[in-house]
Amino acid sequence: MSTGFDDFPFFDEEPTPRKPASGTTPRDADMGAPSPARPSVFDSETGAHSGANPSGGSLGIAARAIAARDQARTPDYLSGLNPEQREAVETLDGPVLVLAGAGTGKTRVLTTRIAHVLATGRAFPSQILAVTFTNKAAREMKERIGVLVGGAVEGMPWLGTFHSIGVKLLRRHAELVGLSSDFTILDTDDVVRLIKQIIQAEGLDDKRWPAKQFAAMIDGWKNKGLDPSQIPEGDARAFANGRGRELYAAYQNRLKSLNACDFGDLLLHPIRMFRANPDVLRDYHQRFRYILVDEYQDTNTAQYMWLRLLAQRPSASKRGTNPPNGRQGQAAVAPDGAPPWSEPQSGDSVNENKSQQINICCVGDDDQSIYGWRGAEVDNILRFEKDFPGAKVIKLERNYRSTEHILGAAGHLIAHNEGRLGKTLFTDRVDPNDEKVVVHAAWDSEEEARAVGEEIEQLQRNQHLLNDMAILVRASFQMREFEDRFVTLGLNYRVIGGPRFYERLEIRDAMAYFRLVCQPADDLAFERIVNTPKRGLGDTTIRNLHDYARARDIPMLQAASDIVLTDELKPKARKSLLDVVADFTRWQDMLDTTPHTELAEKILDESGYTAMWQNDKSAEAPGRLENLKELIRSMEGFDSMRGFLEHVSLVMDAEQNENMDAISIMTLHSAKGLEFETVFLPGWEEGLFPHQRALDESGRAGLEEERRLAYVGITRAKRRCHLWFVSNRRIHGLWQSTMPSRFLDELPPAHVEVAEAETSYGGYGRGGGYGQSRFDKQEPFQSSYSTPGWKRAQANKTDATRENWGSRSGHSVERIGYGESGPRGKTIDGHLVAKSTASEPSKFAVGDRVFHIKFGNGNVASVEGNKLTIDFDRAGQKRVLDGFVERA
DNA sequence: ACCTTCCAGATGATG
DNA sequence: TCTGGAAGGT
């Protein structure tokens, strides 16, 4: 077997299956801790853990689990779960779908379930596959499992995002899909540039057929798991005079010759690889005993296929009874045809594993599916029981986050959706003092921002922290007005979302240098920096070079080093290019001999890139230099340049400054998974929310997704939830009069109150259809919020809420994840963020126990500013930035 | 290589 | 209405 599993010590020594015959109470022998004869991550790790064990004693988790069971007691980690959560944790056999409503302890269930699998000795850490969508979720999960099982989490190499696990699979088996294992991962920007080249090379007008649009199409196809040959005819015809399919194929070829993958390939290549190599797939079937999937409602078709392949061991009977492509009729699956479910079924390769099933557990909430536009198929979760026959579905409906009013409002709203699995959240913690959800009206968006600002200040005066408040908008253009207002008021705020650190120009340039050094075939990187800084290598030279490379089918860097030996170029260009080639050759030679941070600095200095920004007189230049320093600093946490590159392409996040008290401004989408004491939801108007385009493009499905988004918004609030709508909003520069959102009318009166204007105008707006469902009514509708009374109140309110603000000192703004081009006209830049975080004392102290996503747990050995030296339990001593570690 | 002018696009945003 | 990007001119 050539699958290269050597680094997984336990692969060849799987625990014997411990599935109890009855499926209920395990027999003693089955529950035993890993036998002493077997080398066990668990045994070696439990020692570390037991020190922290409040119940004392030196027993490992598994041993304690047994003891607990023997005494008919509950292991620590299970106590405190409610009955449903506990069922979700303890139902280990067979497929399980956990429908976890907002705030019902989803992550807790997932992490405890993993701990339970480990503690009962059912699998080793390396035999658990746990996938999330975001790095953040993966990180949180790792951290929380760490709390439960101590260092054993270090042994979980297969906990990560779909993409990071895809990379891992692909690095091992790259040759099976025609790549070499040092392939490059292209981000969206690279992809667009590459496609543009292809479009131009095909002699097409790149204005008429924008690369960006085609990139989006390809992405859509890949989300559905479609190869060029499988895309629907209509789609293929829709681009470039019917040449869509051809271009897609050309793009894939180009990727292959670049030894590169886009994000979609990180899923699709493993799928192809598994299909074409059943023996490899079988190895993974044996490895992954437990599969856990977070946010299952967000999976797209490709992810679904990927999971199916891994989760469904082929049954001894060929096709039919329990088909691996287990869908009843393909129409239900891929409406646009070309369902790629045709896994090669080698019926003969199967029998030996009858007894071992793979236990998949998907956790999600159909009511929070808000990424349909990104390819997510809610249907995956709705169909779970059909896909996985015998699946157990467990609903978590006990909410630990919000007041009854908030839950009542959200629940009533979401009940207007059809096609849900149906959950009703409830809470025990009922307090007569709880505020109802409040609906406010404003005249226009400016007044909306002003009034929200006043409410915030009022809360502040009552000792509420800004950190506990958030403004969640439907579209990012809404943020501007709030930002403007907060700058005026001197209210600290942070904007979350948007372009990220590594998407900044200077970071991408620097990364291109590093990429080219590590991966000489990376033509995109080459073209990006060959004339940056300016070296007199203009369009003509590049074109020459390009042709030369294409004609010989060699990478451009190679072509460059060849062509300088000829006299095809003008002397000036030739000299220049010669220098570039010499530089890269030298850097490549140093790759294995020079510490990578040192080399990185050398590259940036010797290439003249640093000098380029030093000589730049523009306002952003100092910030860019600062960012470059930050980049180098962040490399310290990695042991090689390659490792770092991979991290950046998949994982790197902007760090955030939690020390500052600031209100968060973000979109509803980026708020998913977060919670705040107080939530402001502005812009509840028809056309904006629900967004017109969602309605136009996806009709009822679009409306339902918008409604789910509203549901997500409301359920972010723990105690206070304030909804706003305005009568006038500027859209594309034009003032438009707007109608209150239909969602407002779908809220239950019992849990909602209408904010009165300061001068009481009582009585308006409440009658009529307020709170009634207009569910079946067709457009156009008349909202009860657009009565004359409301309008009067709004006009009135403008005066009633006149300013009483003063400017404040110490105002501070943070833009998390925004580069130099955040929403327009800001006086904020990345510089400010980098500076403020760098100058602040580290929040860590010597001796602190910390967690690093790559190196795991460790103790802080020394602190210098924001640089920490950490003794990692497994990885030894490293220097890392404090932003990369979290308190363990 | 740089500056000006023109024009399309303007929902959401993970890897 | 505004803006980022690109074409086009100098």
Side-chain angles (χ1 to χ4, degrees), chain A residues 131-138 160-167 185-192 196 205-208 210-213 216 219 222-223 261-268 294-295 298-300 302-303 369-376 472-480 496-500 502-503 505 531-539 618 646-653 666-673 683 687-698 702 705-706 708-709 712-713 729-736 817-818 820-826:
Chain A
V131 273
T132 64
F133 276 84
T134 63
N135 290 306
K136 193 171 161 227
T161 61
F162 277 100
H163 293 88
S164 66
I165 290 170
V167 174
I185 301 162
L186 302 185
D187 65 25
T188 328
D189 195 82
D190 295 321
V191 166
V192 171
K196 188 166 184 176
D205 179 2
D206 65 318
K207 280 287 270 205
R208 172 120 189 265
K212 243 181 115 179
Q213 193 190 327
D219 205 49
K222 291 193 171 180
N223 284 156
C261 275
D262 62 17
F263 286 126
D265 287 339
L266 297 181
L267 285 165
L268 291 191
D294 192 19
E295 305 279 15
D298 288 339
T299 49
N300 61 34
Q303 285 153 341
S369 164
I370 55 176
Y371 286 111
W373 52 273
R374 210 167 66 184
L472 311 182
V473 298
R474 176 64 184 84
S476 53
F477 73 81
Q478 293 172 264
M479 293 178 179
R480 185 188 178 177
I496 295 173
R500 286 158 298 169
Y502 71 83
E503 285 167 355
L505 179 78
N531 200 29
T532 309
K534 302 277 180 257
R535 301 187 173 97
L537 298 167
D539 283 351
S618 69
E646 180 131 324
H647 179 79
V648 172
S649 61
L650 285 176
V651 179
M652 197 144 148
D653 293 327
M666 69 188 95
T667 63
L668 286 161
H669 283 91
S670 41
K672 194 167 78 154
L688 176 60
F689 194 30
H691 200 280
Q692 193 56 48
R693 225 166 116 176
L695 301 179
D696 292 346
E697 286 174 9
S698 314
E705 184 156 310
E706 294 288 298
R708 291 193 290 266
L709 201 47
V712 167
R729 189 173 291 277
R730 214 158 38 165
I731 294 172
H732 303 336
L734 302 170
W735 281 101
Q736 306 215 304
Y818 270 98
E820 63 282 345
S821 57
R824 64 209 79 232
K826 290 296 123 25

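Letters go in sequence order (proteins before strands), and every chain restarts at 1. What you see is a predicted model; the values in this text were computed from it and never measured.
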| task | Specify the separation, in whole Å, of atom CG of A/Asp294 and atom P of B/dG15. | result | 12 Å

| message | Just the rounded figure in Å: distance from P of C/dG5 to CG of A/Leu505. | response | 10 Å

| task | Would you indicate, yes or no, if B/dG15 has its OP1 or OP2 atom less than 4.0 angstrom from a side-chain nitrogen or oxygen of A/Asn135? | result | yes

| query | What pairs with A/Tyr371 under ring-ring contact (aromatic ring centres under 6.0 Å, His included), at least two apart in sequence or on another chain? | reply | A/Trp373, A/His669

| field | From CA spacing to verdict: side-chain contact (heavy atoms from CB on, under 4.5 Å), A/Gln303, A/Val131 | value | CA-CA 10 Å; A/Gln303 285 153 341; A/Val131 273; over 6 Å; no

| request: Show your working on side-chain contact (heavy atoms from CB on, under 4.5 Å) between A/Phe689 and A/Leu709 and close with a plain yes or no. | output: CA-CA 9 Å; A/Phe689 194 30; A/Leu709 201 47; 4.1 Å; yes

| Between P of C/dC2 and CZ of A/Arg729, the distance in whole Å | 17 Å

| query | Is the backbone of A/Leu537 close enough, under 3.5 Å, to the side chain of A/Asn531 for a donor and an acceptor to pair up by distance? | reply | yes

| message | Taking only the C1' atom of each, what is the distance from B/dA13 to C/dC2 in whole angstrom? | response | 22 Å

| remark: Whether each nucleotide of nucleotides 5-12 of chain B has a protein heavy atom under 4.0 Å at its base (B), only at its sugar-phosphate (S) or at neither (-) is summarised, 5' to 3', as -----BBB

| d(CG, A/Leu734; P, C/dC2) in whole Å | 11 Å

| query | Is the backbone of A/Val192 close enough, under 3.5 Å, to the side chain of A/Asp189 for a donor and an acceptor to pair up by distance? | reply | no

| Atom CG of A/Asp205 and atom P of C/dA7: how far apart are they, to the nearest Å? | 10 Å

| If you find the nucleotide of DNA chain B closest to A/Asn223 and the one closest to A/Lys534, which residue's nucleotide is nearer the 5' end? | A/Lys534

| message | Between C1' on B/dG15 and CD on A/Gln303, what's the gap in Å once rounded to a whole number? | response | 9 Å

| How close or far is atom P of B/dG15 from atom NE2 of A/His163, stated in whole angstroms? | 9 Å

| message | Under a 3.5 Å distance rule, please check whether A/Glu705 uses its side chain to pair with a backbone N or O of A/Gly372 as donor and acceptor. | response | yes

| query | Please give, in whole Å, the distance from C/dT1 P to A/Arg480 CZ? | reply | 14 Å

| said: Which nucleotide wins on minimum distance to the side chain of A/Thr188, given the candidates C/dA6, B/dT14, B/dG15? | reply: B/dG15

| Under the 3.5 angstrom rule, does the side chain of A/Asp265 hit a backbone N or O of A/Leu268 as a donor-acceptor pair? | no

